[in-house]
Each structure stands twice: as C-alpha cells, then as structure tokens.
Amino acid sequence: MLRDKARRIGLTVLLAMVAVTLCSCDTTKQWIRSGPAKTEMSRSAKPFGTTPDGQAVRLYTLRNTQGMTAEIMTYGAIVVSLTAPDKDGNFNDIVLGYDNLADYIKVSPYFGAIVGRYGNRIGKGKFTLDGTAYTLATNDGENHLHGGLKGFDKVVWDDAPVDRSDAVGVKLSYLSQDGEEGYPGNLRVSVTYLLTNRNELRIEYEATTDKATPVNVTHHGYFNLTGAQRNILDHELMLNADRFTPVDAGLIPTGELRPVEGTPMDFRKRTVIGARIDNDYEQLKFGGGYDHNWVLNQKGDGMTLAAEVYEPTTGRLMTVRTTEPGIQFYAGNFLDGTITGKDGVVYKHRYGFCLETQHYPDSPNKPDFPSTILRPGRVYKTTTTYAFSTR
Ligand code: BGC
C-alpha cells in the first residue's frame, strides 16, 4: 500500500516536472520567436524613380526588431525585397524581383505586386451582374487575368505611414475608376503592409464601391526560400485543403470542387514540390505544373492556416494564414530564364513559387462559388499573413 502510494506520488512529481519543462520550452520558443530586440523597429522612404507618364514613385523600407526588412514601392504596391533569417541567423532576400523601377515597368510577371481588381482569371473577360453584361479587358488569350491590361500592379498608389504596437507599416491606397478595365463602380481600395516583430508580413486589404462590382485582390509575391540560389522544386509544401478547383485548358475552373485524395494535388502532408510536378495527371498538363486554386479547409471566417513551405538546406519555414477561402499555388512554370532579376540572377524555370490567397478564379461566372461581389455600403476586408521561422 505504502509502496503504491510512494509510486503514485513519484509519478505525480515526475509528470509535474515534465509539464514544467514543456511549459518552459514553450516559453523559450515564444521568446526565440518574438525574441529580444536586435534592431530598432523603423521605417524610411526614398524616391525610387518616375513612371514614363511622370509620376514619382517612393520606396519604403520597413525593419522589425528581429532584423527582418521589407522594401515596398508605391508602383504596383510591390514588395521589392523581403529578408528573412535562416537557421544560422543569416538574412537573405527571399522574393524575386528587380533592383530598379524601369525593369518592373518593362516586363514583370507580377513580381511582388498587388493584383486586382480581380486577381486570377475571369473566363472570356465577361460576366453578368444584376442583369447587366460586362466586358473586361482580355490579356491572357481570350481571358481576363489579374485585373487586365493595366491592373493594380501597374498603377502608382498613394502612401501613408502606419504604426502598430508590434509592427511598422505603410498603407497604400488607390481609386480605381468606374469603367477601368471594364469594371463597374468607383472602387476605393487600400492595402496595408505591416512587418510585425513576430517576423510576419501582414497584409490587410479593404475596399468600398459605389456600384456592385467583383473584387478579389491578392499579393503576387514569388518566394524562393533559398534566396534564389536554385529552383524551388526541393521546397516542401503543405496546403490545408481537401479539395481544389480543376481547370480547363485555358486555366478557367470547370466549377467542380474535386477531392485531392489520390492525386498529385494532395499536399495535406508536407511534400516536396518537385516530387509529382511532372506527373501525367491531366490537370498538371494544363498548367505546365501546379497553377491551381485549392479550396481551404476553413474554420469559421477568421484566420485559417492555409499553407506551410519548408526549405531544408536553410531551415526556413514560411507559414501562410488567411481569411480567404482559397489559395492559388503557382510553381513559376512560366519562368524560363529570359528574365534577369536582382543581383544579376537569371530566373530559370520554377525559380519562384506564388501562394496567392484569394476567392476562386472565375467566381463571377460560377454561382456556386463563394461570391466576390462587393455592393455599395459594404466593406471588403481580408487579411493574409506570411510568417517566417526556422526549424
Ligand atoms: C497565374 C498564372 C500566371 C501567373 C502570372 C498566376 O497567378 O495563376 O497562370 O501565369 O500568375 O505570371
């Protein structure tokens, strides 16, 4: 009896010790994640050139207390650079782009930009809303892509500094006029970029309109967690999605929500991107690899874990959370070595990947998809975070 009691007390003490240890590990992890201040949180802005029609462009540099930096320009609301530490504490720029404005204007597959009014495709650039048929600019064969010929990625945004207790940021605003690229209504849109002291790039989107219009704004960053040392095929990806939206040969969703189970689209467990990308699954042929929208397993309408990407040689882990119901995973299939980016690096096939949080493509023509229609008196509000840590 006594021995039993002693054994029970021993076990309780042991369990308590384990609990305390786990607890303090967790605190340590927290401590490492938010960390003691290594640098001062700061923001600065400087001129970054002029557009051909004479508009001055500014470049903001945000720095958090952990030493991460983000450079954001007012042309296209583009993230020009984003540095993140590797497992040894070395910082590298982990997004693709150019060092100067002229190159962004000359040719850019939406490097680091905000795309809209409607991110991704609208079939044949047509939709009907409240009985009126609208025709949008077409810029991707017969389809409308990322807002048309002059989307949000090609305009100069107004800028204002933003300060939060744990973040430094910039708010970019733009008035997209009634009829622009064929869309109805004056749309006032803003995008707030925040660099938090928890090593997150947080993006808050807001919009209001004076006529009903589709809206689907997203960030088109091309990430390469090696710092563009090589292609992204060895990165490991997790997508929190049981289903995706299959497309036709023009990359327009068919309307089906198809289970990923048993297909190369299944990323529910972290999987190397290159493992199945050249599989002869028909959907992969259409996109020349992954270029699809996944239907996120959303919990309520708050922030949901959408994706994780791990790069084993640097130990960098990127975690994406969003209020949006979908995510476009694009594996840089159209990069082909014809673009030379920052520091003279040639962006070869699949040198960057995009994770664009969004509503599903072609929703204005798919009544069964979650609606993308914003009406006067309502506020469009979405948030996405890209968080960086190491393992
Ligand atoms: C699209 C791709 C497109 C790319 C633009 C992605 O969001 O899904 O099909 O080629 O953007 O470079």
Side-chain angles (χ1 to χ4, degrees), residues 76-79 95-98 103-125 136-154 181 203 205 216-224 231-232 237 239 241 244-254 265 267 273 277 283-296 306-307 309 320 322 324-339 341 347-363 366 369 372 384 386:
I78 289 172
V79 175
V95 295
L96 308 190
Y98 298 112
D103 283 350
Y104 279 101
I105 293 176
K106 211 186 308 156
V107 60
S108 172
Y110 308 92
F111 283 143
I114 292 298
V115 291
R117 191 178 293 199
Y118 199 97
N120 216 282
R121 292 176 176 79
I122 295 180
K124 300 194 169 63
L136 303 173
T138 48
N139 58 330
D140 184 57
E142 59 175 8
N143 299 322
H144 175 90
L145 174 68
H146 295 329
L149 296 166
K150 189 171 179 183
F152 293 176
D153 60 298
K154 295 183 185 66
E181 302 297 308
I203 314 178
Y205 303 84
N216 189 32
V217 190
T218 189
H219 174 64
H220 206 290
Y222 284 72
F223 297 93
N224 182 322
N231 69 34
I232 51 87
L237 171 71
L239 292 173
F244 75 107
T245 52
V247 290
D248 64 17
L251 299 182
I252 301 295
T254 59
M265 315 305 272
F267 282 97
I273 292 175
I277 197 167
Q283 284 296 312
L284 291 174
K285 295 268 173 278
F286 289 154
Y290 297 107
D291 189 358
H292 296 78
N293 171 69
W294 271 257
V295 175
L296 292 171
V309 186
V320 186
T322 188
E324 288 283 15
I327 195 164
Q328 185 84 11
F329 165 47
Y330 167 57
N333 308 314
F334 297 116
L335 295 176
D336 58 4
T338 52
I339 286 179
Y347 296 150
K348 299 188 202 131
H349 196 212
R350 297 175 179 153
Y351 244 54
F353 66 88
C354 301
L355 285 170
E356 303 150 64
T357 54
Q358 60 183 8
H359 271 57
Y360 316 158
D362 202 33
S363 297
K366 299 283 185 306
F369 284 180
T372 51
T384 295
Y386 296 89

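Remember, predicted model here, so these are calculated numbers, not experimental data. Counting starts at 1 for both ligands and their atoms, in listed order. Start at 1 with the first residue, then count along the sequence.
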side-chain contact (heavy atoms from CB on, under 4.5 Å) for Ile327 and Gln358? Distances and angles first, verdict last. CA-CA 6 Å; Ile327 195 164; Gln358 60 183 8; 5.8 Å; no
Contacts for ligand 1, heavy atom under 4.0 Å, by chain and number, are Pro109, Tyr110, Asn120, Arg121, His146, His220, Tyr222, Leu251, Asp291, Gln328, Tyr330, Phe334, Glu356
Between Asn224 (side chain only) and Asn231 (backbone N and O only), is there a donor and an acceptor less than 3.5 Å apart? no
CG (Leu145) and OG1 (Thr138) are apart, to the nearest 0.5 Å, by 11.0 Å
| Judged by modelled atom types alone, do Ser363 and Thr372 share a side-chain donor-acceptor pair under 3.5 Å? | no
Measure from the ring center of Tyr110 to the ring center of Tyr330 and say whether it is less than 6.0 Å.
-> no
Test your reading of the model: is there a side-chain donor-acceptor pair from Trp294 to the backbone of Ala306, 3.5 Å cut-off? no
